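Because the structure is a prediction, the values reported are computed rather than measured.
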Amino acid sequence: MSLFRREREIITRNEYVDHFDFDEIEEFVKNASKELFISHRFKTSDAMQVQPRGGFPTYEKVFRLYEEFKEAGVDVLPLTIDSNTRLNDYATAKKMLALSEENDVDMLNGYPLINHGYRTTRKMITHFDTPVSLRHGTPDARLLVEMALASGIFEIEGGPITYLLPYSKNFPLDKAFLYWKYVEKVCALYSKLNEPINRESFGPLSATLQPPAIVIVIQIIEMLLSLEEGVKSFSVSFSQTGSMIQDVVTANVIRKLSRRYADMFGHHDADIHLVYHQWMGAFPYNKEFSDALITASTVIAAMVGADKIITKTRNEAFGIPTKEANARAVASVKYTLGMLKGLPNVSDEEEEENLTNMVNEIMEAVLNDSADTLWRKVFNAIKKGHIEIPFSPHVINANEVITIRDPQENIRILERGKLPISDRSFAFERSKIRLKEGERVVDKIIKDIGIMQ
């Protein structure tokens with residue numbers, strides 16, 4: 001028995017998990033319907049895949065949610081995991097699940113997959129025969145991902161940076177890298193049995209004034225770490241910035257540089273896809289304005305040629321959206337996409353050049369670190385502040401970069417902290433910023449965060 005198999009057996013031998021039958025799971029994956037693999041959809045469909053968000057504690061509610069989504073024409077189903085499971089607290093999740101089932105009240109903010117078990121969940125996944133995306137936010141997702149793959153969920157979101165720095169304060173970064181290395185290995189292993197398991201990074205980060213240069217660097221790094229372990233299908237992503245032209249520029253650069261860095265590291269056979277998240281910031285309280293925002297982001301997703309769009313609802317400002325609101329959003333986005341044919345190609349050469357330069361400058365500093373592995377180079381880069389996520393709560397994050405919007409609503413770097421971007425690139429960023437006389441930066445940031453309200 002290999003050390004890796006031994007490690008997998010130890011991780012899956014958990015008091016909250018029924019016996020893991022690896023042979024049966026491999027046979028299931030080998031013979032699973034290709035309709036469950038989004039990597040297969042990407043290969044065989046030219047249409048943008050539409051995926052909502054959503055998850056409930058009980059099996060019955062998730063089943064009904066999926067029925068509603070299918071009725072609305074969904075392409076990819078979501079499975080959002082509850083926050084106790086995200087923290088590996090399966091005991092509390094078990095108690096809250098029991099209360100939810102007994103009282104028909106949602107005591108969890110998502111589906112506790114560990115407690116439901118893969119045999120039960122697989123019945124639902126195979127019933128709908130549609131790709132399901134696992135959304136969680138877990139630094140240590142080893143058991144969760146084993147359970148998801150055994151259930152027939154063949155797209156896994158997250159990564160050691162994007163599921164740590166925006167979500168956690170104290171979880172050790174080096175452990176997150178090693179735990180996600182395990183996840184990548186399992187995904188690569190199962191990819192050999194059927195269609196590839198798709199891995200997807202989480203580009204929105206903290207969803208607060210994230211400069212595209214940092215987003216793209218982190219997307220490329222998580223892609224390279226995944227491909228390094230043998231994953232063959234990967235999705236980079238970013239969220240609506242609030243500036244249409246900045247979204248177009250970001251899409252052009254992330255698509256170009258993801259391919260370039262994958263090839264540079266010898267991953268010529270890897271498929272790379274682009275995912276666009278509708279507005280992740282604070283939504284307006286006026287639901288008609290929310291509808292307009294969702295329609296505008298759908299148009300942008302079509303302009304940038306995204307392979308998948310992740311939708312929002314008109315109810316975002318009022319708490320967790322209902323299944324009906326989510327299904328209505330899916331139908332609306334599908335309707336809008338149906339009208340958007342033959343859009344012109346748009347670009348801004350000056351902006352694309354500067355963004356490309358900034359990404360390359362940061363990547364050069366990361367790769368020039370003397371550490372012997374990529375993850376250690378990245379770990380060191382974050383410790384040095386060469387990579388940071390603005391407004392991250394994590395203790396290791398430098399929190400020295402300050403971002404605000406320019407008059408065209410593009411997100412600009414006002415203070416670069418220790419980001420290794422050149423004086424020329426930084427001067428370009430600063431040249432676009434206009435602060436009114438006497439205007440305080442903190443007031444500008446607050447205004448810029450609430451731009452859509």
Side-chain angles (χ1 to χ4, degrees), residues 48-86 93 96-113 115-116 120-121 124-125 127-128 130-137 153 155 157 202 204 207 239-240 275-298 301 308-338 452-453:
M48 188 187 307
Q49 303 295 297
V50 177
Q51 178 193 311
R53 292 180 167 83
F56 293 102
T58 65
Y59 181 95
E60 288 72 22
K61 282 196 174 181
V62 175
F63 197 94
R64 291 204 295 275
L65 176 71
Y66 285 2
E67 286 181 322
E68 196 96 24
F69 281 149
K70 290 293 286 184
E71 183 70 23
V74 75
D75 299 302
V76 184
L77 292 165
L79 189 67
T80 301
I81 300 300
D82 70 284
S83 53
N84 289 294
T85 300
R86 293 176 212 169
M96 294 299 108
L97 172 60
L99 288 172
S100 300
E101 290 173 334
E102 287 171 14
N103 303 311
D104 196 26
V105 176
D106 297 336
M107 301 298 291
L108 295 166
N109 57 354
Y111 185 83
L113 176 57
N115 302 98
H116 281 290
T120 300
T121 306
M124 177 161 57
I125 304 301
H127 171 82
F128 289 99
T130 299
V132 176
S133 180
L134 183 75
R135 333 291 294 184
H136 51 111
I153 299 170
E155 174 172 282
E157 189 195 49
F202 181 65
S239 60
Q240 184 176 7
V275 175
Y276 183 77
H277 291 253
Q278 292 187 330
W279 181 248
M280 292 289 285
F283 259 67
Y285 286 98
N286 182 315
K287 292 187 178 180
E288 282 70 32
F289 290 172
S290 289
D291 290 340
L293 176 56
I294 289 167
T295 301
S297 63
T298 305
K308 186 173 81 172
I309 181 170
I310 301 182
T311 62
K312 284 285 195 173
T313 76
R314 67 194 322 240
N315 291 1
E316 298 297 330
F318 303 96
I320 298 174
T322 62
K323 69 180 192 310
E324 291 82 8
N326 257 313
R328 194 180 302 124
V330 169
S332 172
V333 168
K334 297 279 285 190
Y335 177 78
T336 305
L337 287 174
M452 296 300 181
Q453 288 185 302

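Without hydrogens or angle criteria, Asp291 side chain to Arg314 main chain gives no donor-acceptor distance under 3.5 Å. Panel note: side chain His116, backbone Thr58; no donor-acceptor pair is recorded below 3.5 Å.
The line from CG of Asn84 to CG of Leu108 is 6.0 Å long, rounded to the nearest 0.5 Å. Taken from CG in Asp106 to CE in Met96, the straight-line distance is 12.5 Å, to the nearest 0.5 Å. Atom CD of Gln49 sits about 10.5 Å away from atom CG of Leu337, to the nearest 0.5 Å. Atom-to-atom distance recorded for Ile310:CD1 and Arg53:CZ is 5.5 Å, nearest 0.5 angstrom. Remark: Thr120 OG1 to Asn115 CG distance equals 11.0 Å, nearest 0.5 Å. Leu113 contributes atom CG, which lies 5.0 Å from atom OG1 of Thr121 (distance to the nearest 0.5 angstrom).
What you find for Met48 and Ala301 is that their closest heavy atoms are CE-O, 3.4 Å. Closest heavy-atom contact between Asp82 and Thr85: OD1-OG1, 2.6 Å. The shortest non-hydrogen separation linking Ser133 to Glu155 is OG-OE2, 2.8 Å. Of all heavy-atom pairs spanning Pro321 and Ala325, the tightest one is CB-CB, 4.4 Å. For the pair Met107 and Ser100, the tightest heavy-atom approach, listed with the atom from each and the gap, is N-OG, 3.0 Å. Heavy atoms only, all atoms of each residue included: Ile309 and Ser297 are closest at CD1-O, 4.3 Å.
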Just list the side-chain donor-acceptor pairs under 3.5 Å for residues 62-70, sequence neighbours left out, or say none.
{"from": "Tyr66", "atom 1": "OH", "to": "Pro78", "atom 2": "O", "distance (Å)": "2.7"}
{"from": "Lys70", "atom 1": "NZ", "to": "Thr130", "atom 2": "OG1", "distance (Å)": "2.7"}

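Residues Gln51 and Arg135 have side chains in contact (heavy-atom distance under 4.5 Å, counting atoms from C-beta outward). Residues Arg328 and Thr313 have side chains not in contact (no heavy-atom distance under 4.5 Å, counting atoms from C-beta outward). Here the side chains of Ile294 and Phe283 are in contact, with some heavy-atom distance below 4.5 Å. Side-chain contact between His277 and Lys312: absent, with no pair of heavy atoms (C-beta onward) separated by less than 4.5 Å. Arg86 places a side-chain heavy atom less than 4.5 Å from the side chain of Asn109. Counting only heavy atoms from C-beta outward, the side chains of Leu293 and Gln240 approach each other to under 4.5 Å.
Heavy atoms from other residues, nucleotides or ligands lying under 6.0 Å from CD of Gln453 number more than 12. Summarising the local packing, CZ of Phe318 is surrounded by more than 12 heavy atoms from other residues, nucleotides or ligands at distances under 6.0 Å.
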Side chain to side chain contact (heavy atoms under 4.5 Å, CB included) between Val333 and Gln278, worked out
CA-CA 10 Å; Val333 168; Gln278 292 187 330; 3.6 Å; yes

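Look at Asp75 and Lys308 and you find no salt bridge, because none of the NZ, NE, NH1 or NH2 atoms lies under 4.0 Å from a carboxylate O.
Thr311 pairs by the side chain to side chain donor-acceptor pair (under 3.5 Å) definition with nothing, not counting sequence neighbours.
Taking the six-membered ring for Trp and the full ring otherwise, Tyr111 and Tyr59 have centroids separated by 6.0 Å or more.
Among the candidates Leu99, Asp104, Leu97, the single residue satisfying the side-chain contact (heavy atoms from CB on, under 4.5 Å) test with Glu101 is Leu97.
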